[in-house]
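Presented below is the structure to which this report refers.
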Amino acid sequence: MSKLPDPTTAWHSPDDAGKALVILLHGRGSRETDIITLAAHLPIGPSYAAVRAPLAEGPGFAWFANRGIGRPVAESLAETMAWFKEWLETIAPAPRPVILVGFSGGAAFAGGLVLDDPKRFAGAAILRGTLPFDAGVPTTPGRLQDVPIFVAHGDADSVIPAELLEHTWGYLADESGAKTVGVRSPGGHNIGLDDVKALARWIEEVQEP
């Protein structure tokens with residue numbers, strides 16, 4: 001595979017290394033300038049950044065090659081996660097608290113990152129997406145023990161396969177060991193106002209180191 005591009009980052013406001021960093025991860029075919037607008041509706045306190053996914057996809061970009069919707073190619077996911085972690089260490093080296101917020105394909109990527117290294121992240125939000133099952137990252141019982149996780153699903157979501165959404169919900173709520181906050185709504189594959197309000201409350205609770 002060709003060398004991945006240098007990361008492109010959008011900030012909601014100038015970064016403050018003394019604050020927690022919330023990283024917003026866009027969906028497949030989108031870009032960082034789309035999802036950074038979500039930060040305006042989230043709590044004042046953390047810094048907010050969105051990074052552009054490294055793979056070209058339609059009019060935008062993607063986090064990994066797919067073998068079907070919601071099913072990353074393991075080798076591709078491993079490569080882009082390594083690329084992301086290298087970027088992260090230049091932006092917010094440990095032990096700075098980092099919270100991941102991913103939508104759709106970005107949710108699968110956020111899930112892959114936190115499953116790969118649960119102690120590295122202060123929490124992860126999975127919005128209208130699935131965890132990357134069978135994609136080279138551990139999904140064993142207790143893998144996310146005590147990690148704060150937020151998950152928001154829409155019952156009318158016709159983009160992510162229903163079995164993956166249910167598997168994700170069940171794993172996070174019952175098997176992972178995570179401190180999971182779950183929000184279900186009748187909505188489709190979009191972030192609704194209720195999701196944003198609940199996400200904001202969750203970030204307020206986990207943003208402190």
Side-chain angles (χ1 to χ4, degrees), residues 1-11 15 17 20-36 46-58 60-127 129-140 142-145 147-151 160 164 168 171-172 176-178:
M1 186 175 288
S2 60
K3 180 181 181 298
L4 297 177
D6 291 337
T8 297
T9 308
W11 294 90
D15 188 24
L21 176 62
V22 177
I23 300 176
L24 305 172
L25 303 168
H26 63 76
R28 176 172 291 269
S30 184
R31 61 181 63 225
E32 77 289 351
T33 50
D34 296 329
I35 198 164
I36 194 63
S47 292
Y48 291 91
V51 60
R52 180 184 298 173
L55 306 180
E57 178 78 17
F61 301 89
W63 294 106
F64 44 77
N66 258 352
R67 52 192 170 85
I69 294 175
R71 295 178 168 89
V73 174
E75 296 79 7
S76 177
L77 181 62
E79 182 179 36
T80 55
M81 287 197 306
W83 170 90
F84 177 90
K85 287 186 281 187
E86 182 177 350
W87 167 81
L88 181 60
E89 289 311 306
T90 68
I91 297 294
R96 184 179 178 187
V98 174
I99 301 167
L100 304 172
V101 176
F103 169 71
S104 192
F109 191 66
L113 288 164
V114 75
L115 285 164
D116 183 65
D117 191 358
K119 295 184 188 227
R120 177 63 182 92
F121 300 100
I126 311 298
L127 309 178
T130 176
L131 295 176
F133 297 106
D134 303 316
V137 292
T139 53
T140 48
R143 177 65 180 172
L144 300 178
Q145 190 66 44
V147 177
I149 299 289
F150 179 88
V151 57
I160 307 299
L164 291 179
T168 295
Y171 177 77
L172 291 177
S176 69

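Worth knowing before you read on, the calculation uses all heavy atoms, side chains too, and leaves out hydrogens, waters and symmetry mates.
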Which residues share a side-chain contact (heavy atoms from CB on, under 4.5 Å) with A49, sequence neighbours left out: T9, W11, L21

Residues that R31 engages under salt bridge (charged side-chain N to carboxylate O under 4.0 Å, His left out), provided they are two or more places apart: none

Working for side-chain contact (heavy atoms from CB on, under 4.5 Å), residues L172 and L144: CA-CA 8 Å; L172 291 177; L144 300 178; 3.9 Å; yes

If the threshold is 4.0 Å, N to carboxylate O, is there a salt bridge linking E79 and K3? no

Kindly give the heavy-atom pair with the smallest separation between A92 and R120, and that separation in Å. O-NH2, 2.7 Å

Which heavy atom of I149 sits nearest a heavy atom of A178, and at what distance? CG1-CB, 3.6 Å

pair F121-V147: side-chain heavy atoms closer than 4.5 Å: no

Partners of W83 by ring pair (Phe, Tyr, Trp, His ring centres under 6.0 Å), sequence neighbours excluded? none

With a 3.5 Å distance limit and no angle check, can you tell me whether Y171 reaches the backbone of T140 through a side-chain donor-acceptor pair? yes

Exam field: side chain T168 to backbone L164, donor-acceptor pair closer than 3.5 Å: yes

Between the side chain of S76 and the main-chain N/O of V73, is any donor-acceptor distance below 3.5 Å? no

Could you tell me whether the side chain of H26 reaches within less than 4.5 Å of the side chain of W63, counting heavy atoms only? yes

Nearest 0.5 Å, please: how far is CD1 in I69 from CG in N66? 7.5 Å

How long is the straight-line distance from CG of L100 back to CD1 of I126, given to the nearest 0.5 Å? 8.0 Å

Mind listing the closest non-hydrogen atom pair of I91 and R96 along with its distance? O-NH1, 3.6 Å

Can you name the ring pair (Phe, Tyr, Trp, His ring centres under 6.0 Å) partners of F133, sequence neighbours left out? H167

Would you name the heavy atoms of P7 and V51 that are closest together and state the gap between them? CB-CG2, 4.0 Å

Output all residues satisfying salt bridge (charged side-chain N to carboxylate O under 4.0 Å, His left out) with R67, sequence neighbours left out; order by chain, then residue number. none

Interatomic spacing from CD1 in I35 to CG in L127 - rounded to 0.5 Å: 7.0 Å

For the student: nearest non-hydrogen atoms of T130 and G70, plus distance: CG2-O, 3.5 Å

CG (L4) and CD (E86) are apart, to the nearest 0.5 Å, by 10.0 Å

Identify every side-chain donor-acceptor pair in residues 101-119 under 3.5 Å, counting partners at least two apart or on other chains, and give the distances.
| residue | atom | partner | partner atom | Å |
| --- | --- | --- | --- | --- |
| S104 | OG | H189 | NE2 | 2.8 |
| D116 | OD2 | K85 | NZ | 2.7 |

On a heavy-atom basis, the closest approach of A62 and R28 is CB-NH1, 3.5 Å

Mark yes or no for whether S30, through its side chain, and G27, through its backbone, hold a donor-acceptor pair below 3.5 Å. no

